[in-house]
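These notes are about the structure you will find just below.
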Amino acid sequence: MSDKPASDPDDPSDGGPPDGRGDGPPDGRGDGPPDGRDGPPSDPAGDPPGDPGDDGPLDDESITEGSLLRPLFRLAWPIVVIQLLQVTYNIVDTLYLGRLSAEAVGAISLAFPLIFLLIAVAGGFTTAGAILVAQYTGADGDGSAGLVAGQTIFTVSVLSVLIGIGGYFYTRPALEILPSDADTAATVIPLAADYMEVIFAGIPLMFGFFVFSALMRGYGDTRTPMAVMFVSVLLNVLLDPFFIFGFDGNPLFEWLAAVPGLAALDLIALEATLLSATGVTGIGIQGAALATILSRGVATAIGLWILFGTGYGPDVTFGHLVPDLDFIRDIFRLGLPSSVEQTTSALAMITLTAMIVTFSPPVVAAYGLGNRLISLVFLPAMGLGRAIDTMVGQNLGANRADRAGKAVKFAATTGAGVMFLVAVVAVAFTEPIVGAFLGDVPDAPATIGHAVEYVRIRSVEFAFIGVSQVILGAFRGAGNTKTAMVISILTLWVGRVASVAYLVFVAGWGETGVWVGMALGNVLGAVVGVAWFSRGTWTERYIDDPDPGVDPVGDD
């Protein structure tokens with residue numbers, strides 16, 4: 001296996017990036033970009049000849065042959081649902097904690113970037129596994145795809161244990177160094193610490209599902225992870241109110257009592273009876289974290305059973321968990337730039353958080369609430385971006401760079417149009433949507449007013465997000481993680497952090513400067529990403545042709 005690093009950098013984004021292979025062939029990986037190959041033309045709008053049908057996971061022929069629209073849609077819509085369910089974890093926490101206090105909502109908004117900082121360290125390696133599985137699957141290297149899957153599970157499992165231990169002990173010192181408003185320091189930060197400690201104690205359970213989902217996506221099956229995620233989210237929805245409130249002011253009883261037909265059950269009286277009998281009052285914000293960890297753990301258990309105990313996904317066995325240094329080296333080579341990209345993203349978020357906590361609690365809570373709502377807006381773009389990740393990976397693995405390029409252009413156009421429509425809806429219905437997440441708690445009117453302004457200002461960037469996520473997905477699928485890292489740094493540190501710092505502390509725009517600066521980042525990222533993609537230096541696949549046996553990437 002060659003130890004020569006890839007020569008180019010390329011792409012920032014959601015799930016994690018790839019290793020850049022810029023100007024010229026990357027250390028002899030693959031035969032260079034082909035100029036087409038025999039087979040049916042790829043018509044973005046047409047139906048594929050020999051349509052494989054709608055049932056079951058996508059096979060690689062449906063991704064590397066025929067229509068582009070059908071496999072793109074079949075890959076993307078379950079990813080959108082998965083991401084919607086992913087966001088539901090946060091939305092459910094916010095919905096219930098908003099009934100607890102505005103400070104609790106602010107606490108989870110402070111906790112997330114600090115949690116993400118350590119999650120990002122291992123997150124890049126799940127991306128590397130997805131890239132390699134996609135390219136080997138496209139090249140018909142099923143044995144190598146299974147070994148990559150096993151090595152990815154082993155590598156990320158070890159890292160997640162180390163991250164969980166380190167994160168648990170770094171939580172309070174990390175929060176203490178934030179330059180906080182006096183009220184925020186007294187009321188919000190202690191709650192954030194309570195939440196983070198529980199999350200880090202159970203973080204290996206969270207990583208298991210991340211790995212399972214990434215490997216299945218690289219293989220071309222996005223619907224099985226969607227089904228597993230649905231089970232996990234449903235469990236979280238049921239556990240959250242009881243872990244947070246117990247039987248003392250549990251809003252679930254109040255909501256169910258308002259449902260026609262259930263009022264006769266007198267659920268409020270039932271809650272009082274249960275409280276008297278059990279004395280269970282819940283554990284507040286720690287209960288939200290515990291519900292999330294347990295729900296993720298169930299998803300991890302189901303995902304591992306699917307990989308090792310059924311015929312779905314890469315052909316992975318327990319023997320593939322034995323460390324193989326050649327494959328682990330490739331996982332690190334692809335994953336390290338992605339980890340750096342995600343870690344610098346997390347550091348940028350922490351820097352932004354450090355600026356946000358200098359404001360009053362209503363602004364802090366509005367920032368967290370607005371970010372959670374905007375994360376919903378990202379879903380269509382993220383779905384297309386991750387679908388393109390798989391389509392580019394498998395098509396480059398099959399030596400179909402021409403088809404990969406057509407898929408990217410088609411998806412980018414679609415993404416821009418969809419996200420423009422989302423922006424229109426977001427602007428029209430911002431206030432009622434934001435208001436639904438806060439009950440009759442102190443500071444609710446001020447928090448809602450700030451959050452409405454935040455979401456409306458950021459709607460300007462939505463169409464740019466649609467384009468950038470697709471372009472970045474193309475870089476990831478090709479293995480261009482270094483480029484991802486570079487564009488991410490530009491997007492977050494120049495477009496976002498520097499803009500917010502200038503507008504708030506130099507121009508004196510106050511909280512409006514935060515909202516405007518946050519929007520500028522993705523606009524810059526889209527412009528830079530499209531310009532870089534237009535150079536055409538992303539079309540080399542990462543892997544060599546797989547042997548009939550199981551051989552690692554590259555040559556010794």
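Numbering of residues begins at 1 and proceeds along the displayed sequence. If you're wondering where the values come from, they're calculated on a predicted model, not measured in any experiment.
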Open item on the list: Quick check on Tyr170: does its OH atom have over 12 non-hydrogen neighbours (other residues, nucleotides or ligands) under 6.0 Å away?
Closed with: yes

Open item on the list: A quick test of your reading: do over 12 heavy atoms of other residues, nucleotides or ligands sit less than 6.0 Å from CH2 of Trp305?
Closed with: no

Give the minimum heavy-atom separation between [X] and [Y], together with the two atoms involved.
{"X": "Gly287", "Y": "Ile244", "value": "C-CG1, 4.1 Å"}
{"X": "Asn236", "Y": "Thr292", "value": "OD1-N, 3.3 Å"}
{"X": "Ala107", "Y": "Ile285", "value": "CB-CD1, 3.7 Å"}
{"X": "Pro251", "Y": "Arg99", "value": "CB-CG, 4.1 Å"}
{"X": "Ser499", "Y": "Gly517", "value": "CB-CA, 3.9 Å"}
{"X": "Leu239", "Y": "Ser295", "value": "CD1-OG, 4.2 Å"}

Taking the side chain as everything from C-beta on, heavy atoms only, tell me whether [X] gets closer than 4.5 Å to [Y].
{"X": "Tyr454", "Y": "Met518", "result": "yes"}
{"X": "Val298", "Y": "Leu294", "result": "no"}
{"X": "Arg496", "Y": "Leu352", "result": "yes"}
{"X": "Phe247", "Y": "Phe242", "result": "yes"}
{"X": "Met206", "Y": "Ile199", "result": "yes"}
{"X": "Gln151", "Y": "Leu321", "result": "no"}
{"X": "Arg456", "Y": "Val452", "result": "yes"}
{"X": "Ser157", "Y": "Phe207", "result": "no"}

TODO: Take Trp515 and Phe359 through the ring pair (Phe, Tyr, Trp, His ring centres under 6.0 Å) test and state the conclusion after the steps.
DONE: CA-CA 13 Å; Trp515 316 150; Phe359 289 90; 7.8 Å; no

Do side-chain atoms of [X] reach the backbone of [Y] as a donor and acceptor pair under 3.5 angstrom?
{"X": "Ser276", "Y": "Thr273", "result": "no"}
{"X": "Thr171", "Y": "Gly167", "result": "yes"}
{"X": "Thr300", "Y": "Phe209", "result": "yes"}
{"X": "Asp315", "Y": "Thr317", "result": "no"}
{"X": "Thr222", "Y": "Ile79", "result": "no"}

- [ ] Determine, for Arg172 against Glu197, whether the closest basic-nitrogen to carboxylate-oxygen distance falls under 4.0 angstrom.
- [x] yes

When rounded to the nearest 0.5 angstrom, what is the spacing between [atom1] in [X] and [atom2] in [Y]?
{"X": "Glu341", "Y": "Thr343", "atom1": "CD", "atom2": "OG1", "value": "9.0 Å"}
{"X": "Ile331", "Y": "Thr152", "atom1": "CD1", "atom2": "OG1", "value": "3.5 Å"}
{"X": "Phe200", "Y": "Phe169", "atom1": "CZ", "atom2": "CZ", "value": "12.5 Å"}
{"X": "Leu472", "Y": "Ile465", "atom1": "CG", "atom2": "CD1", "value": "11.5 Å"}
{"X": "Glu271", "Y": "Phe245", "atom1": "CD", "atom2": "CZ", "value": "10.0 Å"}
{"X": "Thr127", "Y": "Arg217", "atom1": "OG1", "atom2": "CZ", "value": "7.0 Å"}

TODO: Could you walk me through whether Phe230 and Ile82 pass side-chain contact (heavy atoms from CB on, under 4.5 Å), step by step?
DONE: CA-CA 8 Å; Phe230 178 80; Ile82 288 172; over 6 Å; no

TODO: Check each of Leu307, Thr310, Ile306 against Thr224 using the side chain to side chain contact (heavy atoms under 4.5 Å, CB included) test, and report the only one that passes.
DONE: Ile306

- [ ] Output, in order, the C-alpha distance, side-chain angles, deciding distance and verdict of side-chain contact (heavy atoms from CB on, under 4.5 Å) for Val81 and Leu85.
- [x] CA-CA 6 Å; Val81 175; Leu85 293 171; 4.0 Å; yes

- [ ] Report the C-alpha distance between Asp266 and Leu270 in whole Å, list the side-chain angles of each, state the deciding distance to 0.1 Å, and finish with yes or no for side-chain contact (heavy atoms from CB on, under 4.5 Å).
- [x] CA-CA 6 Å; Asp266 198 357; Leu270 174 62; over 6 Å; no

TODO: Given side-chain contact (heavy atoms from CB on, under 4.5 Å), test Thr94 with Ile108 step by step and report yes or no.
DONE: CA-CA 8 Å; Thr94 303; Ile108 53 177; 3.7 Å; yes

Open item on the list: Is it the case that the ring center of Phe318 lies less than 6.0 angstrom away from the ring center of Phe308?
Closed with: yes

